[in-house]
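Note on naming: letters A, B, ... go to the chains in the order of the sequence lines (proteins, then strands), and numbering restarts at 1 for each one.
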There are 2 protein chains.
Amino acid sequence: MTPAPRRGRRPGDPGETRRAILDAARDEFAASAYDGATIRAIAERAGVDPALVHHHFGTKEELFVAAHDVEAIPASVAAAMAAGRGTPGERLARAYLGAMEANPNVEGLLRSAATNEHARALLRDFMQRTVFDAYQDRIGGEDARLRMGLAAAQMLGVLFLRRFVGLDALAHADLEDIVERVAPVLDLHLGDVRLG
Amino acid sequence: MTPAPRRGRRPGDPGETRRAILDAARDEFAASAYDGATIRAIAERAGVDPALVHHHFGTKEELFVAAHDVEAIPASVAAAMAAGRGTPGERLARAYLGAMEANPNVEGLLRSAATNEHARALLRDFMQRTVFDAYQDRIGGEDARLRMGLAAAQMLGVLFLRRFVGLDALAHADLEDIVERVAPVLDLHLGDVRLG
DNA sequence: CCTGGAATTCAACATGCGTTGAATACTAGC
DNA sequence: GCTAGTATTCAACGCATGTTGAATTCCAGG
């Protein structure tokens, strides 16, 4: 009994439609990665014609970039870290693993980075410029970036096996349980981090 | 001046063509992952018509499975580990990281597991049945599988950032350098492993 | 109230994909 | 040496995809 969708502009705020498309794109990219996600599927999820997606966001790559505005993430992670309890490693692990699991952005970006050149560049720049640069001077030593990379690798590998591969041992484990075990690794890699 | 390829069977061993196709498939899957790799590209890489790929290996999924016969990997890894030097963690790290970097199989499987359901199942089964089961009783404790998962996550995350994302700090680092830093993490996760 | 522009759908396009069936060339068993 | 089967290419089908242009409906400014 859904009334046949008619042509032409609708009454109401077009900004809402824009947001709906962005949300749909985030979810679809997270579920199927860049190459697997189709404009048609995103449009359907948003209850909209595929052509409208192009009208608002241009090409598929531009939509991907628009949907993965990662600049907002670091602030929320920093807040979670400042409010956290335990050793630096524990607070880092809880904040980052939590953020990665909660944010479809991150899942979409990671899934796509494994296959798509553009997503790869986006993730690389995000990690290097937005994350690593921010911690650079709070971590001693000349090999600071290598050690940050290894710490990131531990957390990212967990996400990979937990969400993408679905490895039983990790997929069914409690996140706090994992945090407890990942924390000492971060402390080992990073040494004494001064947070905040 | 390449002679126009003529129709019909060629003189010589057809097994060689089969092998060429398998090699091409491995490389192409490693470079572009399951969804990105096309039968046409594989065929071209092997210097062969796309239809021949189907004739020999059936559907694309069947080709993927045939190209990723991972059963042979554990044996070579075990050998590298037995001959290795250093702590258990060091030997594990060197053997597995080395094998992952040397084997296009692994790269293709990992890249594809991020997006494709079938590859995911293949990798999951490989890790659980072929790797984890083999170490199960050599590692103490009830949470052995969780700890193995975390150890695997550290190594896998390194590969992900190094090869897929191309994170500078890891991509340009010497592998032996990484081995030295990953080793204590494995020892931390796994405790005292009895190798061999 | 009228008019220019923005939002929205529809229909279609070109392209690339996995796959198939027929046609041809070689090989092995009788 | 014939004959059944296999290896190989060619041409094509059917489908899904990203993208575009025209048609229609609403909104905002004069």
Results of side-chain contact (heavy atoms from CB on, under 4.5 Å) for [X] - residues two or more places apart only:
{"X": "D13(B)", "result": "E16(B), R19(B)"}
{"X": "R120(B)", "result": "R111(A), E117(B), R124(B)"}
{"X": "S112(A)", "result": "A33(A), Y34(A), F64(A), A119(A)"}

For [X], enumerate each residue passing the side-chain hydrogen bond (donor to acceptor under 3.5 Å, both in side chains) test, keeping only those at least two apart in sequence or located in another chain.
{"X": "R94(B)", "result": "E90(B), E176(B)"}
{"X": "E62(A)", "result": "none"}
{"X": "D187(B)", "result": "T87(B)"}

Listed once per pair and sorted, the side chain to side chain donor-acceptor pair (under 3.5 Å) pairs that draw on residues 37-54 of chain B, sequence neighbours left out:
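Residue pairs passing side chain to side chain donor-acceptor pair (under 3.5 Å), neighbours aside: E28(B)-R45(B).
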Query - Range on DNA chain C touched by chain B, heavy atoms, distance below 4.0 Å - result: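 So the contact region on DNA chain C extends dC17(C) to dT27(C).
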In B/S/- notation (B base, S sugar-phosphate only, - none; protein heavy atoms under 4.0 Å), nucleotides 22-30 of chain D written 5' to 3' is BBBBBS---
| said: Does anything in residues 13-33 of chain A come within less than 4.0 Å of DNA chain C? Heavy atoms only, and list the residues if so. | reply: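 Only P14(A), T17(A) qualify.
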| request: Sequence neighbours left out, what pairs pass ring pair (Phe, Tyr, Trp, His ring centres under 6.0 Å) with at least one residue falling in residues 151-178 of chain B? | output: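 Listed by first then second residue: F160(A)-F160(B), F160(B)-F164(B).
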Rounded to 10°, tell me the angle between the two end axes of the helix from dC1(C)-dG30(D) to dC30(C)-dG1(D), each built from five pairs.
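End-to-end axis angle for the helix from dC1(C)-dG30(D) to dC30(C)-dG1(D): 10°, rounded to 10°.
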